[in-house]
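For the numbers below, each heavy atom of this structure counts, side chains included, while hydrogens, waters and symmetry mates do not. In the text below, chain A, chain B and the rest are named by the order of the sequence lines, each starting its count at 1.
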Amino acid sequence: MTTELAKAYDPRETEPRWYRFWEENGFFTASADPADTRKPYTIAIPPPNVTGSLHMGHACRTTFEDVLIRYQRMCGRNALWIPGTDHAGIATQVVVERQLAREKLTRHDLGREKFIERVWKWKGESGGRIMQQLRVLGASCDWSRERFTMDEGLSRAVRHAFVQLYNEGLIYRDTRLVNWDVQSQTVLSDLEVENEENVQGELFDFAYPIEGGGEIVVSTTRPETMLGDTAVAVHPDDPRYTHLHGKHALHPFVDRKVKIITDAVLVDPKFGTGAVKVTPAHDWNDFATGKRHKLEEINILRKDGTLNENAGPFAGLDRFAARKAVKAKLEELGLARGTKAHTLTLPRSQRSGTVVEPIISTQWFVRMKPLAEPAIAAVEQGKTRIIPEHWNKTYFHWMRDIQDWCISRQLWWGHPIPAWYCVPCEHTHVALTAPQACEKCKGPVVQDADVLDTWFSSALWPFSTLGWPDKTPDLARFYPTDDMETGYDILFFWVARMMMMGLHFMGEVPFKRVLLSGLVTDERGDKMSKVKGNVIDPLDVIQGATLEDLLDKARKNGAKDSGLDYLRKTYPEGFAAYGADAMRFTLLSYSPQTSKIALSIKRIEGHRNFANKLWNAARYVLMNLEGHGALATQQRPAAKQFANQFILSRLGATIETVRAAADDYRLDEAGLALYHFVWQDYCDWYLELSKTLLQSQEPGVADETRAVLLHVLESALRVLHPMMPFITEEIWQRVPKAEGLGKTIMLAPYPEAARDGMRDLEVEREMSVLQAVIVAARAIRSERDIHPRLTLPLTLRADDAAARALLQREQEAIASLCKASVSVEALAGSASVDNSATSVAEGVTLVVPLQGLVDDGKEKERIERQLQKLEKDLQAIDKKLGNAGFVDRAPADVVQKERERKAEIEHSCVQLREALAKLQKV
RNA sequence: GGGCGGGUAGCUCAGCGGUAGAGUGUCGCCUUUACACGGCGAACGUCGCAGGUUCGAUCCCUGUCCCGCCCACCA
């Protein structure tokens, strides 16, 4: 074991090395230690999606999960990931559609067999790449259980779930209006439809001639749907139309009469003409209206979005072409009544982006209300905690207003629906295996050609991946999972449905906590999108990239010019190699409350600098240990020296803070505490103080200091390890350690405040006095432009004997940290020093005689400034203490504290005024 | 229309009843053998606006204005 660290810190050198080490030594593991029979800490980890690149979202979630796993493991729990293996559909769909678009193909062109072959191959390749990338980030998870869908076990679970729900009456088949994606040619669930708002459209008015004379004017944003109209509705109380009740209008294009109906639900008499065309087969409200009035439902669309034979003369036209044609024809017939600008919301497919058409179709649905109730109760009763808590409201809101879920999809990938139809008698069979023949008529059967929504199988994931429906040992041991960590964007899609299915099939919640992280955005807070060109690849941040690299990648992803400009403007130099540790630490540093993580490269750079700081501190410690034999024990060294006591106390405090924060999932707070401890307490104060102690001739002092330096460093590495796994491992391997700590820091025990630290509040208080004095002395030097090489003659005066004793005792430390010659004396009766700089800190008066070094005018100004500030504070305090209400009603300790502060400030003012008076005299 | 967040230093964000914090940026001084990916010091804020509760409000309540997101509706 060498004690020598390379001269410079380069994250690119440490990461691959430790990644290999972990892999070779079997630390990427998803399986529980078979010898350990305790209930382990488990975290559910979804598989990476398969779109071909690792994005910030994965980096963020993986990091969070990995930190929790490492932390729990170091705390002595058998902690592990439960990796998932499903997600057949969503990712595939994205991959496939992008690929097809690139080749200007539709899936129908390829044919089913070729198509599927191609998809699996592509998924396998990009999936492997992502696993590789996640490891670079430090995820200590084994993805070997990852198999891409169609896994027989999962398929079986899906069939079981479907059949059971069907038998319980919770799955049914019905003819209804559904969202149809004409490009992907499949139905979509409500959640897969995105609304594009504020689209500038037009409202087109036209007239239906009434049988027997007259007309009725209706408005529409989709004129082509009039081909499917079967009624015109008016409000029953609208006097304008009373005379038309029960009459019929004549359809101008097809041989059909359109009934005038009255409906108070559909019609708002104040909107437009107060008459509404009703198209039951292509509009949600009209469908409901049609049901109320038993209207005929006339479908006018084919699957590809062209009009069918019901459209009469317009058959064969695309829906948008038909829109124009219908309008033109109505103009021609003199039935058009003009257009108005109208702002509307367009429903678009989340997948293909095309405008969704509501059409009538027979699909499978899950009855949600009975499933939702227990899922609501579980969160209400705290069986599952959602963190941050404010998501509860959103969860409840959605759950209480839940609609039935359309689960069939007309795609070629995904889990087939275990339903068979008899060809002759149309009887439906739902079963685990294909029936040989129809049980009613013995006729031949065919399987439902549709597949299930990917989220249906995903909803089963917490138990299907553990062997359900069999009662496997894994299922008994690992269900429910402790933590489920994911982005809030799939709270409804996935989390809520897992809750429902878990409770239904297992009778128990699937996880005890749901941790919802924010969405990573660019620095402006805009969602990352390949088209916008603002996608930051975590690997570029980790390994470094030039601006050209970034631009190339963006171009390849089809970014617009404006996106390229954004990159040029924001990252003119590209990225330095900041390393995975800095990347991880930064992702963790955002508060979990935030729903938007506007990733700031500057912040990452700051954390890279932090890693460098730690690296150099370690170099310092190791340098000073050289030639001093083995010091390492697992015990905290006994400390007699003030500085050593101080840092052990701070270490204890930090461990307490970090553990409390981590237990509360506030990794941001944990990280901040560590950042300050390492940089400020350890490096800025303690390492500087140690320099004097290491020179000490007094027996034992230097040895004690070496032991504390090492102990605190080694402990800090362990505290920090989950958040910065690479650098801490690298340094830890080189630090002298006691035997038996294991071959990796991953398995070393997590520090404990009482064992590794030594809390001493009195020491910390004394230190804060010293710090204040030292800072004040440095300020005197800096503000007078006294060169750092000149020794500052510093006199410290204090009334309090204890304070004097402290200053006396730590004289050497003060001298070294301010490069001063220090003398301590009582305030009372001290000789006045002409031409000196004066400052007051924590009741200690600092005097620096400065003949020839300082200009009196500047000094006057400085003191006056300090006085002004103090007087302002004093005024505020006086106002408070002068308020009878405050003195009477505020807690005694608050009042007392205020009084003490007042006394101290007054004392400071007196000192400063004296100094000022002296200056004016000169 | 309903709901949920957010508005704090130039920027990115913590804090959330008792003297306003961090990182980054800015301005000085310093290449002192752990570190210039650094050290030391400084400047910077009517904590969106208006009321209320309170001895005391950035924090709690009410209203209001912006910004973001989600859900629903849209002839």
Under 4.0 angstrom, heavy atoms only, what part of the nucleic acid is [X] near: base, sugar-phosphate, or nothing?
{"X": "A:Arg789", "answer": "sugar-phosphate"}
{"X": "A:Thr221", "answer": "sugar-phosphate"}
{"X": "A:Ile877", "answer": "nothing"}

[X] and [Y] ion-paired at < 4.0 Å:
{"X": "A:Asp581", "Y": "A:Arg608", "result": "no"}
{"X": "A:Glu688", "Y": "A:Lys691", "result": "yes"}
{"X": "A:Arg666", "Y": "A:Asp664", "result": "no"}

Original post:
Does any donor atom in the side chain of A:Lys327 or A:Thr339 lie under 3.5 Å from an acceptor atom in the other side chain?
Top reply: no
[X] side chain: which of [options] is closest?
{"X": "A:Trp679", "options": "B:G39, B:C30, B:A34", "value": "B:G39"}
{"X": "A:Asn616", "options": "B:C35, B:G23, B:C73", "value": "B:C35"}
{"X": "A:Lys602", "options": "B:C30, B:U24, B:G18", "value": "B:U24"}

For [X], give me all partners under ring pair (Phe, Tyr, Trp, His ring centres under 6.0 Å), at least two apart in sequence or on another chain.
{"X": "A:Trp398", "result": "A:Phe492"}
{"X": "A:His607", "result": "A:Phe585, A:Tyr675"}
{"X": "A:His251", "result": "A:Tyr208"}
{"X": "A:Tyr566", "result": "none"}

**OP:** Could you give the distance separating B:C30 and B:G68 at their P atoms, to the nearest angstrom?
**Re:** 48 Å
Give me the distances for all protein-to-nucleotides 41-43 of chain B N/O pairs that come in under 3.5 Å?
residue, atom, partner, partner atom, Å
B:G41, O2', A:Ser782, OG, 3.2

Which residues share a side-chain contact (heavy atoms from CB on, under 4.5 Å) with [X], sequence neighbours left out:
{"X": "A:Lys532", "value": "A:Asp526, A:Lys527, A:Ser529, A:Asn534"}
{"X": "A:Lys872", "value": "none"}
{"X": "A:Ala772", "value": "A:Ala841, A:Glu842"}
{"X": "A:Lys602", "value": "A:Ser600, A:Glu605"}

**OP:** Report the relative orientation of the aromatic rings in A:Phe271 and A:His342; use parallel for angles under 30°, tilted for 30 to 60°, perpendicular for over 60°.
**Re:** perpendicular
Original post:
Is any side-chain nitrogen or oxygen of A:Lys902 closer than 4.0 Å to OP1 or OP2 of B:U19?
Top reply: no
Original post:
Reading nucleotides 5-17 of chain B from the 5' end, what letters show protein touch, with B for base, S for backbone sugar-phosphate only, - for no heavy atom under 4.0 Å?
Top reply: S------SSSS--
Original post:
Side chain of A:Glu688, base of B:A34: donor and acceptor closer than 3.5 Å?
Top reply: yes
Please tabulate, one pair per line, each protein N/O and nucleotide N/O from nucleotides 59-61 of chain B that are separated by under 3.5 Å, including the distance.
none

Original post:
Can you list, by residue number, the residues of residues 605-614 of chain A that have a non-hydrogen atom closer than 4.0 angstrom to RNA chain B?
Top reply: A:Arg608, A:Asn609, A:Asn612, A:Lys613
Subject >> Pairing nucleotide - B:U26, Watson-Crick or G-U, each distance under 3.5 Å >> reply: B:A42
Subject >> Residue whose nearest RNA chain B nucleotide is more 5′ - A:Val621 or A:His342 >> reply: A:Val621
**OP:** Start with the C-alpha distance between A:Ile387 and A:Gln593, add both sets of side-chain angles, then the distance that settles side-chain contact (heavy atoms from CB on, under 4.5 Å), and finish with yes or no.
**Re:** CA-CA 8 Å; A:Ile387 300 169; A:Gln593 323 277 5; over 6 Å; no
